[in-house]
Visitor: 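Structure in structure tokens, see below.
Numbers restart at 1 for each chain; the letters A, B, ... are given by sequence-line order, proteins then strands.
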Amino acid sequence: MASSTPTHYCINPTKPYPSSQSPLQKPPKTTPKLLAASPSPSLSSSFTGSSTAAASSSSSPHVPQPRSSPLLGPEFRRARTTRVISKRNTNSPKPPNPSCRAASPAARDCLAVMSRTAADSPALTTALRSFQPRLSVPEDYCSILHDLGDRDKCPSKAAEVFHFSMTLTRNMTEKGKLLTAAISSLGKMGFHELAREVFDTGLREGYGNTVYAFSALISAYARNGMSSEAVAVFESMKARGLRPNNVSYNAVIDACGKGGTDPMISMGLFREMLWNGLRPDRKTFNSLLAGFSRVGHFDHARMLFDEMIFSGIGRDIYTYNTFIDVVCKSGNMELAVQVVSLMPANGVRPNVVTYSTVIDGYSKLGRFDEALNLFEEMKSLGIQFDRVCYNTLLSIYMKTGRYQEIARVCNELEMLAIEKDTFTYNSLINGYGKQGRFDVVSCLMQEMRQRKVPPSVLTYSTLIDIYSKAGMYGDAANVFLEFHESGLKPDVVLYSSFIDTLSKNGLVDFAVCFLNDMMKMGIKPNVVTYNAVIDAFGKSRISVEEDGVRQDSGGREGCGNQILKAFGQLAKGIGAPVADETRTSEEMLCILDLFQKMIQQGVKPNVVTFSAILNACSRCNSFEDASLFSEQLCLFDNFIYGVTHGLLMGYRDVWIQARSLFDELRRMDRPTSSAFYNALTDVLWHFEQRLGAQKVVLEGVQRQVWENTCSEFSLDLHLMSSGAAQAMVHAWLLRIRSIVFSGCKLPEFVSILTGWGKHSKVAGSSTLRRVIEALLNTIGAPFQLERFNMGRFVSPGAVVSAWLMESGTINILLLHDKRSQQAIPVNLLPRLHSLQL
DNA sequence: TTAGGGTTAG
């Protein structure tokens, strides 16, 4: 409930903001208990603001500062979603909110009959006629229309009610009310075009020029993620002399958030609202908060979250859930848990959305056990699971390969009569597809058809991707044909997946051509698209003769044909590898060109891009060539450039900043952060900053970047790149040496497991075993390949011990940097200055 | 008029 006398609004993202020391320096090691977590004193004082009343002036209700670099934005962390933000066609309508409208018993009965009756049936008119004497005009009809929007997906029923009730109206006001209800209903159903038609009719016939009708249409666009259309309607209502009210502003701000518009545009609308003498309410703030949450801007979200107390707006369950979502996106799960734990004291009880948000946060970081523990906590608290929550659970079981649990959850869904939706099927198809269970995938597709669950673009993208990755190009082509016939529009995910397939099969030139084609079609590539192509340059490349995949096609239709042709060619196998010596210079030019395109299009790189750039550096023959690439880092991000350049040049002072970067990487899932560590150590090793590479690896090991890397006498390198692995071998042998010199006896055998070096992206080093074998030979370490395990080197403890005790061994094991300098040059200082945390 | 879930790069 908003305070009646808000004191001030102070939303200025650039203003200095009071900071407090994060109490989360030592995250709790125990299993998270959302409601049992006890806040630290410094944090609890930050949350003393009541959910419904203004904070006292003595309290300071801001949340702790994140421990992130000011230069590492959400893009770096991959927190910014690359998904289409709108949830149109999700087939999961929200339950009706009966508190909003007080429908008469007759209206409720009529709605029940309408719900049971088939669309376009004459029985609908019969029912409306029979209920007519008991229904008030326009209130009951408006109520029925709203409820149909909440629970039905049948626009013809809404149209029937609308046209029937319009014949009963006595004046323009009543017509206007019904019009607004019909627009709202159609918008909720996802039929924004129909909503627009109805709106235009109302406008033409003289009862649609109202703030209500305009606001309803804005909202209809908002629900469907169409922010530019919503803004256009908002501007047109002003041009017609109508004064937007709170609902209009809230709707357009909501539309901007859902449509992925820059949240600063929403902030402009917020200021305009104040300028026009309107008083933003909690929904305004919640929508603004959601806008910042969607793009992962924690700092702005935190300011709004605090401001809601300062200005007397108060916080509700939506506020908390939205804020917790952005905290989860920042990777700070400890803070998320603490914010949840403070909700009850502020009069707001965590609900299924709160838990789903935190659970998904853990899941995205690969912390599945903590996520699953929270499901148990939900059960113990009696919080009912809903469809979204079940989908989150299924997604975790998919990622962790718990197929028996998946079957159990599917049965549970059946028992609870919770229907699987497009999200559920997409998740299941992707999971089973990645496991190669195409039999299950076919069954799932069949079930979708039988149950009339509409496939989305993502369903087709997923199918094409899993078939392509399995080399089943004919099946992929068939799905593409089906997709083409569906009338759905291709999107960036579909194209990115296809470009990745071309890239991975050595057809990088074609991948770049398709990148241009998708732009011609108005589909903007995202960071994933670019990362796929940049990374592909490191793989073996195929040249294609004139009768190969592509003749330049241009237009929309041609592009579809080209895709089918490409699948056909991929199925046959085409081309010939390009000789190594012709690759490097061409590759450099192509990658530099891609960087330019990214900059031109405002596509911000993330940590995966940086890993790809570093890997490209590792493929360069000279330090000068690599510098050309690393300078590109500077165009994107001074922070990463400063750290990388500093490490490559051997500036000792750079380690403070480097550790800040490593701490930031802790907020990411293991595969992402280990890929970056691998890329960084590879480039350092490649350019003979060997001690630097070793220090980076040890920072990674300390932060548990690689799972099961190191037990005392058995070294597991299988997740490491060649540079990281070689640096690690030296560090591990030095550690064993110190154990030997301390007088301890080594076990019977010590071993090094190499696996296949699956994370190394450096051309020619895909077999980690060979690299380690060469290293061990070079340094004279007495290890041999195990007879029945070609990925494991072993040595009797006594033999290794004797070797380590030889006088010359220590000098062989100690690593050095080729470039070693004390101080950072003055010209680099400005770049690094802002990194001080 | 406000909150959570599915995909493509590593």
Visitor: Classify the side chain of A:Thr392 versus the base of B:dG6 as yes if they form a donor-acceptor pair under 3.5 Å and no if they do not.
Guide: no
Visitor: Could you tell me if A:Thr529 and A:Asn526 have a donor-acceptor pair between their side chains, going purely by distance under 3.5 Å?
Guide: yes
Visitor: Who passes side chain to side chain donor-acceptor pair (under 3.5 Å) against A:Tyr473, sequence neighbours left out?
Guide: A:Asn505
Visitor: Of the listed nucleotides (B:dA3, B:dG4, B:dA9), which one gets closest to any side-chain atom of A:Asp254?
Guide: B:dA3
Visitor: Round to the nearest Å and state the distance from A:Tyr362 atom OH to B:dG4 atom P.
Guide: 19 Å
Visitor: Is a donor from one side chain sitting under 3.5 angstrom from an acceptor on the other, for A:Asn245 and A:Ser248?
Guide: yes
Visitor: In whole Å, what is the span from the CZ atom of A:Phe514 to the C1' atom of B:dA9?
Guide: 18 Å
Visitor: Once you round it to whole Å, what is the distance between C1' of B:dA3 and CG of A:Asn286?
Guide: 8 Å
Visitor: So does A:Arg294 get a side-chain nitrogen or oxygen closer than 4.0 Å to the phosphate oxygens (OP1/OP2) of B:dA3?
Guide: yes
Visitor: Among the candidates B:dA9, B:dG4, B:dT1, find the nucleotide nearest to the side-chain atoms of A:Val608.
Guide: B:dA9
Visitor: Whether the side chain of A:Asn526 and the base of B:dA9 hold a donor-acceptor pair under 3.5 Å is what I'd like checked.
Guide: no
Visitor: Can you tell me which nucleotide in B:dG4, B:dT1, B:dT8 comes closest to the side chain of A:Lys188?
Guide: B:dT1
Visitor: For A:Ser461, which contact category applies under a 4.0 Å heavy-atom criterion: base, sugar-phosphate, or nothing?
Guide: nothing
Visitor: Which nucleotide in the set B:dA3, B:dT1, B:dA9 lies at the smallest distance from any side-chain heavy atom of A:Ala290?
Guide: B:dA3
Visitor: From the options B:dG4, B:dG6, B:dT2, select the nucleotide whose nearest atom is closest to the side chain of A:Lys258.
Guide: B:dT2
Visitor: Would you mind listing every salt bridge (charged side-chain N to carboxylate O under 4.0 Å, His left out) that reaches into residues 460-470 of chain A, with sequence neighbours excluded?
Guide: A:Asp465-A:Lys469, A:Lys469-A:Asp500
Visitor: Go through B:dG6, B:dG4, B:dT2 for me and flag the one nearest to the A:Asn426 side chain.
Guide: B:dG6
Visitor: Is it true that the side chains of A:Thr462 and A:Asn430 contain a donor and an acceptor less than 3.5 Å apart?
Guide: no
Visitor: Please give, in whole Å, the distance from B:dT1 P to A:Phe214 CZ?
Guide: 17 Å
Visitor: Looking at the side chain of A:Asp316, which of B:dG4, B:dT2, B:dG10 is the nearest nucleotide?
Guide: B:dT2
Visitor: At 4.0 Å (heavy atoms only), tell me whether A:Ile317 reaches a base, stays on the sugar-phosphate, or touches nothing.
Guide: base
Visitor: Side chain of A:Lys283 only, please: which of B:dG4, B:dT1, B:dT8 is the nearest?
Guide: B:dT1
Visitor: Tell me which nucleotide among B:dA9, B:dT8, B:dA3 gets nearest to the side chain of A:Ser496.
Guide: B:dT8
Visitor: Under 4.0 Å, counting only non-hydrogen atoms across every strand here, what does A:Cys389 touch: a base, just sugar-phosphate, or nothing?
Guide: base
Visitor: Please determine, for the side chain of A:Asn531, which listed nucleotide (B:dG10, B:dG4, B:dA9) has the closest atom?
Guide: B:dA9
Visitor: In whole Å, what is the span from the CZ atom of A:Arg349 to the P atom of B:dA3?
Guide: 22 Å
Visitor: Check whether any side-chain N or O of A:Lys434 sits under 4.0 Å from OP1 or OP2 of B:dG6, and answer yes or no.
Guide: no
Visitor: Look at all strands and tell whether A:Ser611 reaches a base, only sugar-phosphate, or nothing, counting heavy atoms closer than 4.0 Å.
Guide: nothing
Visitor: Across the strands shown, which category fits A:Ser356 at heavy-atom distances under 4.0 angstrom: base, sugar-phosphate, nothing?
Guide: base
Visitor: Ignoring backbone atoms, test whether A:Lys469 places a side-chain nitrogen or oxygen under 4.0 Å from the OP1 or OP2 oxygen of B:dA9.
Guide: yes
Visitor: Between A:Asp465 (CG) and B:dT8 (P), how many Å, whole number?
Guide: 6 Å
Visitor: Any side-chain N or O of A:Lys504 below 4.0 angstrom from OP1/OP2 of B:dT8?
Guide: no
Visitor: Please report the distance, rounded to the nearest Å, between CG in A:Asn246 and P in B:dT2.
Guide: 14 Å
Visitor: Does a donor on one side chain and an acceptor on the other come within less than 3.5 Å for A:Thr261 and A:Ser227?
Guide: yes
Visitor: Which whole-number value in Å describes the distance from A:Tyr530 OH to B:dG10 P?
Guide: 17 Å
Visitor: Flag as yes if A:Phe423 stacks onto the base of B:dG6 (centroids under 5.5 Å, planes under 30°), otherwise no.
Guide: yes
Visitor: Describe the nucleic acid contact of A:Val352 in one word from base, sugar-phosphate, nothing, applying a heavy-atom distance below 4.0 Å.
Guide: base
Visitor: Indicate, yes or no, whether a donor-acceptor pair under 3.5 Å links the base of B:dG4 to the side chain of A:Asp386.
Guide: yes
Visitor: Would you say the side-chain atoms of A:Thr672 and A:Asp669 include a donor-acceptor pair closer than 3.5 Å?
Guide: yes
